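Everything below concerns the one structure shown next.
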Amino acid sequence: FRRVLFRSTSFALPYEKVATIFEKIQTRLEQLKPAKRATIQDLINYYNHMTYCLALQFIALTGARPTHHILFERSRCFGSQTASICDKGKMRMIWICPFLQNQIANYVAIQQQIRLRLMLSEQHQPKTLCYLIDATTYEPTLLTAKRIHTFLHRYDKTLRPYQFRHHFAQYLLEHGSKNNLSTHDLDLLMGHSRFGEHIGSQEYFPLHTENYLKHLEQLASYLQLRRF
């Protein structure tokens, strides 16, 4: 069993590489931060870069698979600590640490500013929490794994978004014991379907929410992620 887990993390990124990539992305975001009298183009450029940054932080801090739609639908967020995502055709729960909760709140605030500037109605935006905005047409555009892959290649052509998921697993294997997390908790957090963690099956696994959130918050600090 343990051998299977380590094989799945054999493509995990070294800590230094993950931290360096996020440092570059976050530094560029800060450079793009618009002034008070910024044009709508400046605001959209900043917002789109923030969308990519948040998507990669989301993968790194939840272990979600970067396939199809990234992040979750607005209607599937239960409070601020948990949400549900579609994973391999089934719904499963993810845990959202305080750092990521704050990032999402700040992102949504910028998103609302742009919607007001462009006079986009609530019905005109996608169901997903995060989406891009076309800088020419001002139309909302779905955030896909392919687009994130292309964005990541601006900073390192050897990287794939899925490697952030592998790093998530490796970090728990190495540091999870500090918060009493086991390999079963790793299975639950990562969505390994054969262990029955999908929504509707969760009663078989105690939800150590406090330990999960504490562990994920420590991961955000470990990667030196910066707030928007």
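What you see is a predicted model, and the numbers here were worked out from it, not measured in a lab. Atom set for the values below is all heavy atoms of this structure, side chains included, hydrogens, waters and symmetry mates excluded.
Note that CG of Leu32 is 8.5 Å distant from CG of Asp42, once rounded to the nearest 0.5 Å. Residue Met190 holds its CE atom at 9.5 Å from OG1 of Thr62, rounded to the nearest 0.5 Å.
There is a path of hydrophobic side-chain contacts, each under 4.5 Å, that joins Ile40 to Met50. Both Leu61 and Val108 are assigned to one and the same hydrophobic cluster, defined by single-linkage of ILVMFWY side chains at heavy-atom distances under 4.5 Å. Residues Val18 and Tyr222 are members of one and the same hydrophobic cluster, defined by side-chain heavy-atom contacts under 4.5 angstrom among Ile, Leu, Val, Met, Phe, Trp and Tyr.
For the pair Leu223 and Tyr171, the minimum side-chain heavy-atom distance is 4.5 Å or more. Within the 4.5 Å cutoff, no side-chain heavy atoms of Lys178 are placed close to those of His215. Side-chain contact between Leu152 and Ile21 is present, with at least one heavy-atom pair separated by less than 4.5 Å. Residues Gln26 and Leu225 are in side-chain contact: their nearest non-hydrogen atoms beyond the backbone lie under 4.5 Å apart. With contacts defined as side-chain heavy-atom distances shorter than 4.5 Å, the pair Ile114/Leu118 qualifies. Ile94 places none of its side-chain heavy atoms less than 4.5 Å from the side chain of Thr82. By the 4.5 Å heavy-atom criterion applied to side chains, Leu142 and Pro126 are counted as neighbours. Looking at Ser84 and Met93, their side chains never come closer than 4.5 Å, going by heavy atoms from C-beta outward.
Evaluation of the ring pair (Phe, Tyr, Trp, His ring centres under 6.0 Å) rule for Phe151 yields His49, Tyr52, Tyr155 as partners, not counting sequence neighbours. A search for side-chain contact (heavy atoms from CB on, under 4.5 Å) contacts involving Thr141 returns Leu132, Asp134, Arg147, not counting sequence neighbours. The ring pair (Phe, Tyr, Trp, His ring centres under 6.0 Å) check on His124 picks up nothing, with sequence neighbours excluded. Among residues two or more places apart in sequence or in another chain, the side-chain contact (heavy atoms from CB on, under 4.5 Å) test is passed with Glu16 by Pro14. The ring pair (Phe, Tyr, Trp, His ring centres under 6.0 Å) check on Phe168 picks up nothing, with sequence neighbours excluded.
Closest of all the heavy-atom pairs between Leu216 and Cys97 is CB-CB, 3.7 Å. Smallest separation of non-hydrogen atoms from Thr209 and Gln81: CG2-OE1, 3.9 Å. Counting all heavy atoms, side chain and backbone alike, Leu219 lies closest to Ala60 at CD2-O, 3.3 Å. The two residues Ile148 and Ala55 make their nearest non-hydrogen contact at CD1-CB, 3.5 Å. The minimum heavy-atom distance linking Leu172 with Ser182 is given by the pair CD2-O, 3.9 Å. Between Thr51 and Leu143, the shortest heavy-atom distance links the atoms CG2-CD2, 3.8 Å.
Arg165 places a side-chain N or O within 3.5 Å of a backbone atom of Gly63 that can act as its donor or acceptor partner. Without hydrogens or angle criteria, Asn48 side chain to Ile133 main chain gives a donor-acceptor distance under 3.5 Å. Looking at Gln163, its side chain does come within 3.5 Å of a backbone N or O of Arg160 through a donor-acceptor pair.
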**Message:** Between Leu120 and Gln125, does the side chain to side chain contact (heavy atoms under 4.5 Å, CB included) criterion hold? Intermediate values first, please.
**Reply:** CA-CA 7 Å; Leu120 296 176; Gln125 62 180 344; over 6 Å; no
**Request:** Evaluate the criterion salt bridge (Lys or Arg N to Asp or Glu O under 4.0 Å) for residue pair Lys24 and Asp156; output intermediate values, then yes/no.
**Result:** CA-CA 10 Å; Lys24 291 179 179 179; Asp156 192 321; over 6 Å; no
**Request:** Take Arg92 and Ile85, measure what side chain to side chain contact (heavy atoms under 4.5 Å, CB included) needs, and give me the verdict at the end.
**Result:** CA-CA 6 Å; Arg92 76 173 182 92; Ile85 59 173; 4.1 Å; yes
**Request:** Check step by step if side chain to side chain donor-acceptor pair (under 3.5 Å) holds for Gln103 and Gln57.
**Result:** CA-CA 9 Å; Gln103 296 294 80; Gln57 289 181 352; 3.0 Å; yes
**Message:** Run the side chain to side chain contact (heavy atoms under 4.5 Å, CB included) test on Thr39 and Leu43 for me, step by step, so that the C-alpha distance in whole Å, both residues' side-chain angles and the decisive distance to 0.1 Å come before the verdict.
**Reply:** CA-CA 6 Å; Thr39 66; Leu43 198 56; over 6 Å; no
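Side chains of Thr158 and Lys17: a donor on one and an acceptor on the other come within 3.5 Å. Between the side chains of Asn179 and Glu210, no donor-acceptor pair of N or O atoms lies under 3.5 Å. In this structure, a donor-acceptor pair under 3.5 Å is absent between the side chains of Lys146 and His149. Side-chain contact, Gln31 with Arg28: a donor N or O sits under 3.5 Å from an acceptor N or O.
Residue pairs meeting the salt bridge (charged side-chain N to carboxylate O under 4.0 Å, His left out) criterion with at least one member in residues 219-228, sequence neighbours excluded, are Glu23-Arg226, Glu30-Arg226.
Among the candidates Tyr46, Tyr47, Phe228, the single residue satisfying the ring pair (Phe, Tyr, Trp, His ring centres under 6.0 Å) test with Tyr107 is Tyr47. Among Asn106, Leu29, Ile104, Ile59, the one residue that satisfies the side-chain contact (heavy atoms from CB on, under 4.5 Å) test with Leu54 is Ile104.
In this structure, Trp95 and Tyr212 have perpendicular ring planes: the angle between them is above 60°, well past the 30° mark.
Taking the centre of each ring, His167 and Tyr15 stay at or above the 6.0 Å mark. Taking the six-membered ring for Trp, Phe22 and Phe164 have ring centres closer than 6.0 Å.
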